S.K.: 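Before anything else, here's the structure in question.
Here the structure is a predicted model, which means the values were calculated and not measured. Each chain gets a letter, A, B and so on, in the order its sequence line appears, and its residues count up from 1.
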Amino acid sequence: MSSKKGKKKSSDEEKKEEFIRIDGRKPDEMRPYKIRAHILRNADGSAEIRLGGNWIIAAVYGPKEHFPKFEISQDKAILNCRYHMTPYSTTERKSPKPSRREIELSKVIKNALEQAVVLEEFPEMSIDVYMEVAQAEGSTRVASVTAAAVALADAGIPMRDLVVGCSAGKVNGHIILDVGEEEDKEGEADLPIAIMPNLRKVVLLQMDGKLTHEEFKEAFDLALKGAMELYEEQVRALTSILKDMEVIEEGVKDEKE
Amino acid sequence: MSSKKGKKKSSDEEKKEEFIRIDGRKPDEMRPYKIRAHILRNADGSAEIRLGGNWIIAAVYGPKEHFPKFEISQDKAILNCRYHMTPYSTTERKSPKPSRREIELSKVIKNALEQAVVLEEFPEMSIDVYMEVAQAEGSTRVASVTAAAVALADAGIPMRDLVVGCSAGKVNGHIILDVGEEEDKEGEADLPIAIMPNLRKVVLLQMDGKLTHEEFKEAFDLALKGAMELYEEQVRALTSILKDMEVIEEGVKDEKE
Amino acid sequence: MSSKKGKKKSSDEEKKEEFIRIDGRKPDEMRPYKIRAHILRNADGSAEIRLGGNWIIAAVYGPKEHFPKFEISQDKAILNCRYHMTPYSTTERKSPKPSRREIELSKVIKNALEQAVVLEEFPEMSIDVYMEVAQAEGSTRVASVTAAAVALADAGIPMRDLVVGCSAGKVNGHIILDVGEEEDKEGEADLPIAIMPNLRKVVLLQMDGKLTHEEFKEAFDLALKGAMELYEEQVRALTSILKDMEVIEEGVKDEKE
Amino acid sequence: MKKNNFKKKTLKEILMANNILKFIKENRRLDGRGFLDYRDLRIETGVIKKAYGSARVELGDTIVIVGVQFELGTPFPDSPDKGILLTEGEVLPTASFSAEAGPPSEEEIEISRVVDRSIRESEMVDLSKLVIKPGESVLKMFIDFNIFNDDGNIIDAAVIGVVSALLTGEMPDPEYVKEHLEELPPNNLTSVPRIPIPTQDFPIANTIALIDNKFIVDPTFAEEMVSEARITITHTVNNEICAIQLIQGGLGYEQVFEVLNISLDKSIEIRNRIRELLGLGGD
Amino acid sequence: MKKNNFKKKTLKEILMANNILKFIKENRRLDGRGFLDYRDLRIETGVIKKAYGSARVELGDTIVIVGVQFELGTPFPDSPDKGILLTEGEVLPTASFSAEAGPPSEEEIEISRVVDRSIRESEMVDLSKLVIKPGESVLKMFIDFNIFNDDGNIIDAAVIGVVSALLTGEMPDPEYVKEHLEELPPNNLTSVPRIPIPTQDFPIANTIALIDNKFIVDPTFAEEMVSEARITITHTVNNEICAIQLIQGGLGYEQVFEVLNISLDKSIEIRNRIRELLGLGGD
Amino acid sequence: MKKNNFKKKTLKEILMANNILKFIKENRRLDGRGFLDYRDLRIETGVIKKAYGSARVELGDTIVIVGVQFELGTPFPDSPDKGILLTEGEVLPTASFSAEAGPPSEEEIEISRVVDRSIRESEMVDLSKLVIKPGESVLKMFIDFNIFNDDGNIIDAAVIGVVSALLTGEMPDPEYVKEHLEELPPNNLTSVPRIPIPTQDFPIANTIALIDNKFIVDPTFAEEMVSEARITITHTVNNEICAIQLIQGGLGYEQVFEVLNISLDKSIEIRNRIRELLGLGGD
């Protein structure tokens, strides 16, 4: 596949050079991004992602005893996920009550994270993952899962791999990386994915719009490329925190005792 | 009472001969009907009724352990009933959320079935009865309880008697059998009943509109007559299934093992 | 504080003499009131208050086993409170579903009563307090907590003190006692309080509108005065019931056996 | 889910239930009534000054308050020349140890709907007189009833409350509203002159319980707990049946006619009692 | 929370699950099908006379009923020249021991939304033809599907049901509505002459499950219980992908392209099978 | 129902609670503050580009984000010449081990309503300037705040966030809307020029907790857990009281005046601190 991809891309790249996107980006260019881990004091793990105008805050609580008892899973932890948009995250005010869309996205994100978290280590317990979209600007679901994975790692929860997401799409006939809000509305297709980058597994995959099989391949490879780029940012965020960790923990002790 | 009824009817019958109903029926004529038992593969028992344009599917699950524990009844099974209309069952789209009407009908149907099911045989358990109206054309509640009783029998649940329902009503001054949708809307009264035909007990009885005591008697007797007619169809549906049963069960085994 | 209050009041009283309120009351005049205890047969305790056009009925059930089990408090009883307005209690029909306002008032009333009830005597149990506003005419929350305290006492539940509430406010620049409905809508401030009169503790305190610190003092003292007046009515209602109690109880026995 | 009352009620009720059965077998009732006797009835109307019509009814220890209110509304597309009537009721959590706060239970929904049908099917309120502009604007009438104490036979008490509130209540004059529609403050009818609610019937609901195969009327809470069957029948002023609801259990075919006859007698009796209590002239 | 069925189902299912794995390892399926075979498909259209379009689909033992209805509505501000399309589905509690009455679960919401996207993104219905007055009045189209029996692969069966209902269904003639808007009774389109629903595509959804690292199509309920991954792909009549949903588990990068190829083949096959069953001419 | 966190939090909190009491008895606070000291305050405005006004506030470890949005609306019948102001807040489930997803708890509703009253009763926003056409069309202003991390004293932090968002925020120019109402796309104000939000007050809420009969301001989450009483008082820029809420426990009569005096001092201090942080001129 990689060789085919190579060929494909080089020919596509010519086209792409000409196409300038609504926000001035090149077709295969990500928006600016920044991930910070360990940003909330109370959560067992937390992270924040900024991806263009997206701003998402993720928090993890657990593992912890699960209530009510009769729902307990005997052989592994239950993973609860909530993807939620704040009222001011969209141009028109969003009701704080979860919409059907938010419930669906919570479900597909849960599936993605379940592939990575070693749930078997915590039978009868539960782990809660909360993603709050403070500002939305396209591709929030993949940004959310990316932040959530960092928050899980920050919580010290054992994982087989990180999970990192990115989107590709089609706008005015061009395959593009990291679909922005306007591009999602006006474009021809949206392809959000999330992967376990080291295990080389797709754990979130959705598509809207219309793509030929050829276009899909191009978009999928582009999204993979973007995800790998964001993965490095995840690692950077976690590494910088690991270094600070002991210092902070000591600081907390000093402050509180 | 039967002698009075006899007299009454013969005099009424003259009147009835003249009155032709909106769908061409005679006053004491049922719409065409058909009951089929054991129509769903997963349910422990199931049945379908067609009565004119009504199409109702009933399924039974149980007896089974009841959750949550603190609701358990120590001396008998809990019978759950849900009468529900699909969105496309009515001319105007119906919200799938249960209306107050559907909750009331679920309750009176539950009462009717509770009289027949030997709940004492299954302490601490529950039995679920679901009736889904795929198409509604008047008198759905009595058709539903009729199908539900067949589904319970199909599930092999011990019963004191079957339960069978039918409606009578008053339209343009005439007492009629098996009230259709238009007749319900335009008519002067609607009298749905359900009985245990061998125990000669009324277990569902409601009335809307206005009837004199005389008219009530006439309508009640007519509804009884209709119910007895439908009872024969229940028995036919169950008998034909009982004959097929072993064949099918064997078939299932062959197929699945 | 009391000496300051004394000085203040005397100077204010001159002003007050001139100001006649919308319903003809003087600034420091309560509306007519009447409390009756033990008015409902089924409740473990009950009371009714009429304060001007307000008519509120309170009932207490408990102490009793708490469900579900996992919510139980090991060291004391749980106090449930519901302040609720009937649909006909307001000029425009009120939906029977609790509004956010009703939920907030239930919460502050619960806090007030929790200060007085000796919850420690009933670990693992719960006590339910229901206040139903049959007619609302301003200051319903303080009238409700006043009736609820009498109902708790009527239920024989051990209390450190009664709880009694009253409101003061500011209308057309004048500090007034016992704010009526029109005065609440048109006035400049509303100050509902509830106290434990013997322990001299404020257990409910809210304010809306604008008051200077000086005005607050005047209003607070006025509300205290009103509360002490209502406290006497509480005592009267309970005493008269205590006298009747044995007679009634005997009567019940006679009637029912 | 019913709450359990740890203190004494449940036990008391169980003991009472045994007594009730024993008494009924001996052709007696625990409170000394005959099988076909109603308990004392007290009615007070106009108790809610903010409502257009209201009543407080005590039937023995069962207490219900009813309020009638009006708003402007749009008629239903299929009845452009009729006002709107909505009847809703709740058993307040004050009413008994088994009543609950929260969304209405299926029992409460049934009670509401039976009371609603009793009023609606009798055509007690002449809805054609609630029209302001056909197809566009009508009066919307809310009838709300609440059970404050439940000692059984809620439906009969509620219907008594509703008819009392309607017979003594008022409504905004639709003629006046029609002429002053532009000037009226939005959805505020308080300034509109009032006229009596246009009633044209006087329905009465009677609930009959079957215990030990005997029929009793006006059952108490405890009697309802041990009844084998329970049915409510509503009669119009012309002795027509306008609503039936078999609430619990089953009846033999002949028993259906028995309860119909009992309820007819009782409806006449109770209607007359209400007339007396409200000071209305007879037929 | 799933209900537990004490009787036998869970045990039966567990035993079946073991069998399924054993069979798949031996390159067989419990019901004798090949890995890339669909079960028998039966389609009946026009089953709901009150609906403008309807279908009853059996895919093996999975049973779905679809109804299409129309109302007048106001277009969304951002698409004034398009009708409104709403697709909703429920797994009825009749469908299996684990289905529940009550508000839709997250699985049901996902199913609804995937079916909705399959129809919407393919642009099967030409929504521009549902306009009565741009920006003011359009037809609002409700597509409701219900699973009566769930033996797996609900989404494929539901999409088959929806396209069958649309291809054979009708709608109120917007031209007629436009000309007679004043005379029509409010929100009642029954008297309006009907025309075929304007379709311009024919999407097919194909769900593929991964068990023991092998791909199978059209999984049964029991196969879904043991699958490691499950994905649905919808293709347009022009072999474009118009919807993908990874429903469960994960896939290797290469596996993504494998399932795309399988689903493309299967979409053509199923589309033709539907054409046959509905008696429509082929391409 | 509160969730329990099995790991360590509850235990940690309990230990901390003991410490807090011990420290307070020794006239100290666990974090070294004086009883009447606020924690560090950080304010960032304009953090939500999509909102008309926004702020992110950190008060110690308590984090709140506020967004202000506008829509077109119809005024309430009893105030035709005033815009509409709605303040709502949620404690997000990210905020602490005891915060929950789902409908707002009674504590969250109380917090929302106290913040709303602080803003509303101070008349900080001149609602008469939000009118487009009296009685017909006004601006509807949504203020939403969310607690992302709860280390206590949520109300003070939220009010700081709201006033910061309002003082630095903008709104669609009602004059422009009035003149271009016909041309504007429905419910889309993005193209409308903006003007500053018309503010006329600067309310500050101060929460005071009573622990071991001593008053402390700006309590932490752990301090709130052991407090005997807690009260919030809001002052206007003219040192009037505009909102009080006794949130928990009870106070002696004299203590009421004590907390009023403390809160007045603190309101002036915090108001000045906000002015500094936002770079606004002093009085």
Side-chain angles (χ1 to χ4, degrees), chain B residues 39-48 50 52-53 55 57-68 80-98 106 122 124-137 151 155-156 181 252 254-257, chain E residues 1 3-10 12 15-16 19 30-32 47-54 56 60-63 65-71 86 88-90 92-104 140 142-146 148-151 165 187-190 221-222:
Chain B
I39 56 148
L40 300 177
R41 197 58 167 268
N42 288 342
D44 294 316
S46 57
E48 160 184 281
R50 285 175 188 272
W55 182 17
I57 287 152
V60 169
Y61 285 90
K64 53 182 190 173
E65 236 184 309
H66 186 77
F67 284 105
N80 296 312
C81 279
R82 178 174 113 134
Y83 162 95
H84 182 247
M85 302 184 85
T86 60
Y88 40 79
S89 63
T90 50
T91 305
E92 212 173 319
R93 188 206 184 231
K94 201 214 139 276
S95 158
K97 215 184 123 209
S106 298
F122 307 100
E124 305 195 4
M125 300 203 176
S126 61
I127 297 169
D128 294 341
V129 181
Y130 301 113
M131 291 148 280
E132 293 288 340
V133 180
Q135 186 160 280
E137 213 180 72
E181 187 171 36
V252 174
D254 293 355
E255 191 182 318
K256 301 236 162 153
E257 269 163 25
Chain E
M1 164 174 101
K3 282 184 199 162
N4 278 321
N5 187 323
F6 113 103
K7 263 199 352 187
K8 69 232 143 174
K9 276 282 166 49
T10 0
K12 200 164 96 187
L15 295 174
M16 204 178 285
N19 278 343
L30 213 55
D31 55 10
V47 292
I48 306 291
K49 276 170 290 170
K50 293 200 169 180
Y52 283 86
S54 62
R56 181 180 185 280
D61 283 331
T62 290
I63 302 177
I65 295 179
V66 178
V68 179
Q69 287 161 296
F70 289 91
E71 274 181 19
L86 290 169
E88 263 187 54
E90 291 203 347
L92 297 179
T94 62
S96 78
F97 71 92
S98 62
E100 298 250 329
K140 195 168 168 180
F142 294 98
I143 302 176
D144 284 279
F145 66 90
N146 287 121
F148 279 78
N149 196 66
D150 176 7
D151 193 25
N187 226 340
N188 187 334
L189 300 171
T190 46
F221 191 90

S.K.: Check whether E:F148 gets within reach of chain B through its side chain, its backbone, both or neither, counting any heavy atom under 4.5 Å.
M.R.: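 Contact with chain B is through both the backbone and side chain of E:F148.
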
S.K.: Which residue out of E:S96, E:A95, E:S54 racks up the most heavy-atom pairs below 4.5 Å with chain B?
M.R.: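 The residue among E:S96, E:A95, E:S54 with the greatest pair count is E:S96.
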
S.K.: Sort E:T62 into side chain, backbone, both or neither according to what part of it lies under 4.5 angstrom from a heavy atom of chain B.
M.R.: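 Nothing of E:T62, per the 4.5 Å heavy-atom cut-off to chain B.
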
S.K.: Answer whether the closest heavy-atom distance between the side chains of B:Q135 and E:K49 falls below 4.5 Å.
M.R.: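 With C-beta onward as the side chain, the pair touches.
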
S.K.: Does the pair E:F70 and E:Y52 meet the rule for a ring-ring contact (aromatic ring centres under 6.0 Å, His included), with working shown?
M.R.: CA-CA 7 Å; E:F70 289 91; E:Y52 283 86; 5.2 Å; yes

S.K.: Could you look at B:R93 and say if it's the side chain, the backbone, both or neither that has a heavy atom under 4.5 Å from chain E?
M.R.: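 Both parts, backbone and side chain.
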
S.K.: Which bit of B:S89 comes within less than 4.5 Å of chain E, counting heavy atoms only: side chain, backbone, both or neither?
M.R.: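 For B:S89, the backbone is the part near chain E, not the side chain.
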
S.K.: Any salt bridge linking B:E181 with E:K50? Criterion: basic side-chain nitrogen under 4.0 Å from a carboxylate oxygen.
M.R.: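 Judged by the 4.0 Å cut-off on N to carboxylate O distance, B:E181 and E:K50 do form a salt bridge.
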
S.K.: If you count heavy-atom pairs under 4.5 Å with chain B, which of E:A51, E:P103, E:G67 comes out on top?
M.R.: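 Ranked by contacts with chain B, first place is E:G67.
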
S.K.: Would you mind telling me which of B:V129, B:I57, B:V60, B:I39 has the largest number of heavy-atom pairs within less than 4.5 Å of chain E?
M.R.: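 Result: the option with the highest number of such pairs is B:I57.
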
S.K.: May I ask you to test the E:E88-E:E90 pair for a side-chain heavy-atom distance under 4.5 Å?
M.R.: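 When only atoms from C-beta onward are counted, E:E90 and E:E88 do not touch, as no gap falls below 4.5 Å.
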
S.K.: Using heavy-atom distances under 4.5 Å, tell me whether E:I63 contacts chain B through its side chain, its backbone, both, or neither.
M.R.: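 The answer is the side chain of E:I63.
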
S.K.: Salt bridge or not for B:D128 and B:R82, using N-O below 4.0 Å?
M.R.: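 So B:D128 does not pair with B:R82 through a salt bridge.
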
S.K.: E:N146 and B:Y88: side-chain donor and acceptor closer than 3.5 Å?
M.R.: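 B:Y88 and E:N146 do have a side-chain donor-acceptor pair below 3.5 Å.
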
